[in-house]
Amino acid sequence: MKIKSQLSNIISDALKSANIESDDVVISDATKPEFGDYQFNGVMKLAKVLKQNPREIATNLVEHIDTTGMIAKVEVAGPGFINIWLSDEWLAKEATAILNDDRVGVGYVENPQKVVVDYSGPNMAKQMHVGHLRSTIIGDTLATLLEFLGNDVIRQNHIGDWGTQFGMLIAYLEEQGADGATTELKDLEQFYKDAKVRFDESPEFADKAREYVVKIQSGDEHCLNLWQSFIDASLGHCEEVYDKLGVNLTRDDVRAESFYNPKLADVIKTLKEKNLSTVSDGAECVFLDGSEVPVIVQKGDGGYLYATTDLAALEYRAKELKADRICYVVDARQGQHFKQVFTIAKQAGMVGENVALEHIGFGTMMDKGGKPFKTRDGGVIKLIDLLDEAVVKAKESIKERDAHSEDELENIATVVGIGAVKYADLSISRESNYIFSWDKMLSFEGNTSLYMQYAYARIQSILRKYDGEIQGDIIIGDETEHRLAHLLLKFEDTLSKAATDATPHTITSYLYDLVTQFMKFYELNPILKGGIEEEVKMSRLQLAKLTASVIKKGLDILGIKVIDKI
RNA sequence: GCGUUCAUAGCUCAGCUGGAUAGAGCAUCGGUUUGCGGUACCGAAGGUCUCAGGUUCGAAUCCUGAUGGACGUACCA
């Protein structure tokens, strides 16, 4: 249900019939319940242009607003605000209409786009660490969300599988032999360290490593095979993490750095042809307007850099994949890099004028002291360890509850633990750094996944207890039901805002509002207690059921599971 | 040095395409129950939105400057 745009149409019509000229009508949420459900604040601006009294314009406008359908009443308030109340009957009718809709009333976007979402991007030389968490789950949510709204989404996992370090790694892999390597590769971090030690202590080995770098790049079969088996093993580690996280990334989504390698020479050629690059200190550079520091696209020794690869990737995505919008879910610290690369790509015509290029930046995960999140001895925390710990902690916190079998407990702990990690991350406005806290994450209180999952389980419990067919329409009986129904219908507006701004946290705060409102409703309006009219009971059951569906769908888009019993 | 970004309750965070008395959660204090899952619900208290100017009928939100922090800044990604 696109409530805001419908209201906007009604107001536009009213403006027309009142003969008032105006541009886009922007409807905002009411700032307070006393002010209704929505408000239109545009009259004050109009008053200035028309040089008229805003109150008069508002009063005049209000008389032309159609209040026979979705709007129950409108009021002029303050200097010229127009407050809008939705009609109970309309809410009831619309909410009833989506009761059996598996999209819970969410339609599709008017103009579907082809969207490339670039996320996760682990480095094959190392184990995934907490730094990859945000990119992976924010990106995955964005992809799922855009897809749900009807866009054609292409996921791209731009893995780091190319560069000098791989010479060392495969030389070491070869030295270890097949068996030793399989066992050692279980811990990539350790493997990397061991290889580095070997590299530093043995000049012969170091020479071989350097030689292997050249060999991979020139397509030597033996080295490429070694390299391929190393990448396969490393990617296997990532897939283990994706699996635990419930992230929808497969090998088909992988477009590695190596994939772009054959295209890099052409990138430089294009830049030269367009006279965008010049040689400075032996390196091929692009000097952008107003900057004295260049973007280097080719090193003095002929090697390419990450800007070059990103340009090749941009061109591929725009021209081969034919993307309308390309989203890079990458750490905010790389903002400058993307700004530069985007500018160059547009100037060089590698990407069409109307392709939207977006850097979906996010902040860093911090510990309690506000420092980057590390292990006690200052090392990087492996993502897989963090996830396993979340499950262990979740188990502790739910153990004292109702008796569960060991299997059930394990399953619940997994859903709860992983959900908590994801929700905690997604519920923070993505651009700010955030402080990681187990306690807050695994709390049942406040804006947490457990509060949502608990509410969901409670509703399931009610539905189980009723154990009959639920039928009949939703009727709005009081203020709490009005607000609940309104929130349920606002789901689509919420999702489209989240999709446009690429802000998963607008979904979490919506869900939190929804659940809070449900709790209020439920506290005040008994559902299964005696003495309640059948019609009312059915309506309340329907509201509860619909709330559960929206919670489930909302969490589903965030990649978080629900369970019927906690 | 230059650039980017941030500063909101004791703590963790919303709100930022300018709108009415700046909102949540935690913690603190108080209340609700013969309970449809009380890990719930209701309430109180808590603020010079870092500071100083400016634009405006109206600024946490936009602009300028200051202060403090984070990050980036020529051949890593």
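Remember, it's a predicted structure, so these values are computed and weren't measured experimentally. Heavy-atom basis, side chains included; hydrogens, waters and symmetry copies ignored. Just so we're on the same page: letters track the sequence lines, and every chain starts at 1.
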Check: When the distance from CE of A:Met452 to P of B:G25 is rounded to whole Å, what number comes out?
Finding: 12 Å

Next item on the list: Figure out the NZ/P separation between A:Lys440 and B:C11, and round it to whole Å.
Entry: 14 Å

Next item on the list: Just compare B:U4, B:A24, B:C36 and give me whichever is closest to any side-chain atom of A:Lys339.
Entry: B:U4

Item checked: Opposite nucleotide pairing with B:U21, Watson-Crick or G-U, both atom distances under 3.5 Å -> none

Notebook entry, point to check: Contact class for A:Ile296 (heavy atom, under 4.0 Å): base, sugar-phosphate, or nothing?
Noted result: base

Margin query: Rounding to an integer number of Å, can you tell me how far A:Glu431 CD sits from B:A14 C1'?
Written below: 15 Å

Item checked: Aromatic centroids of A:Phe373 and A:His129 separated by under 6.0 Å -> no

Next item on the list: Find which nucleotide of RNA chain B each of A:Met44 and A:Gly163 is nearest to by heavy atoms, and output the residue with the more 5' nucleotide.
Entry: A:Met44

Checklist line | Nucleotide nearest A:Gln336 when distance is taken to its side chain, options B:G72, B:C36, B:A40 | finding: B:G72

Note to self: From the set B:G38, B:A14, B:C41, return the single nucleotide nearest to any side-chain atom of A:Ser429.
What the structure shows: B:A14

Notebook entry, point to check: Going by atom types alone, do A:Asn157 and A:Tyr119 pair a side-chain donor with an acceptor below 3.5 Å?
Noted result: no

Note to self: Counting the atoms with a prime plus P, OP1 and OP2 as sugar-phosphate, which does A:Gly300 contact under 4.0 Å by heavy atoms, base, sugar-phosphate, or nothing?
What the structure shows: base

Notebook entry, point to check: Hey, does A:Glu284 reach any base, or is it just sugar-phosphate, or nothing, if we go heavy atoms under 4.0 Å?
Noted result: nothing

Checklist line | A:Asp37 and A:Arg483 ion-paired at < 4.0 Å | finding: no

Note to self: Please pick, from B:C41, B:A74, B:G25, the nucleotide with the shortest atom-to-atom distance to any side-chain atom of A:Glu445.
What the structure shows: B:G25

Margin query: Whole angstroms only, please: what is the CD1-C1' distance between A:Ile435 and B:A70?
Written below: 12 Å

Item checked: B:A20 base / A:Asn83 side chain donor-acceptor hit below 3.5 Å -> yes

Check: Would A:Phe81 pass as stacked on B:A20, i.e. its ring centre under 5.5 Å from the base's six-membered ring centre and planes under 30° apart?
Finding: yes

Note to self: Both distances below 3.5 Å, Watson-Crick or wobble geometry, any strand: find the nucleotide opposite B:A27.
What the structure shows: none

Check: Can you tell me if the side-chain N/O atoms of A:Arg333 get under 4.0 Å from OP1 or OP2 in B:U5?
Finding: no

Checklist line | A:Asp24 CG: over 12 foreign heavy atoms closer than 6.0 Å | finding: no

Item checked: Centroid distance under 5.5 Å and plane angle under 30°, A:Tyr522 vs B:C36 -> yes

Next item on the list: Using a 4.0 Å heavy-atom cut-off across all strands, classify A:Ala332 as base, sugar-phosphate, or nothing.
Entry: nothing

Check: How are the rings of A:Tyr510 and A:Phe491 set to each other: parallel, tilted or perpendicular (split at 30° and 60°)?
Finding: parallel

Margin query: Rounded to whole Å, please give me the gap between CZ in A:Phe40 and P in B:G18.
Written below: 14 Å

Notebook entry, point to check: Would you say A:His505 reaches B:G15's phosphate, i.e. side-chain N/O to OP1/OP2 under 4.0 Å?
Noted result: yes

Notebook entry, point to check: Roughly, in whole Å, what's the span from CD1 in A:Ile57 to C1' in B:C57?
Noted result: 13 Å

Checklist line | Spacing of A:Tyr454 atom OH relative to B:A40 atom P, expressed in whole Å | finding: 7 Å

Item checked: Considering all heavy atoms, the nearest A:Ser258-A:Trp162 contact -> CB-CE3, 3.4 Å

Item checked: Test item: side-chain donor near acceptor, A:Tyr423 and A:Asn447, under 3.5 Å -> yes

Next item on the list: Provide the distance between the two C1' atoms, one in B:C13 and one in B:U73, to the nearest whole Å.
Entry: 31 Å

Checklist line | Pairing partner (Watson-Crick or G-U wobble, both distances under 3.5 angstrom) of B:U55 | finding: none

Notebook entry, point to check: Are OP1 or OP2 of B:A14 and a side-chain N or O of A:Ser432 less than 4.0 angstrom apart?
Noted result: yes

Margin query: Looking at A:Tyr260, I'd like to know whether one of its side-chain N or O atoms comes within less than 4.0 Å of OP1 or OP2 on B:A77.
Written below: no

Next item on the list: Determine whether any donor atom in the side chain of A:Ser280 lies under 3.5 Å from an acceptor atom in the base of B:A74, or the reverse, and answer yes or no.
Entry: yes

Notebook entry, point to check: Rounding to a whole Å, what distance do you find between A:Lys32:NZ and B:G15:P?
Noted result: 18 Å

Margin query: Reading RNA chain B from 5' onward, which residue's closest nucleotide shows up sooner: A:Phe35 or A:Val26?
Written below: A:Val26

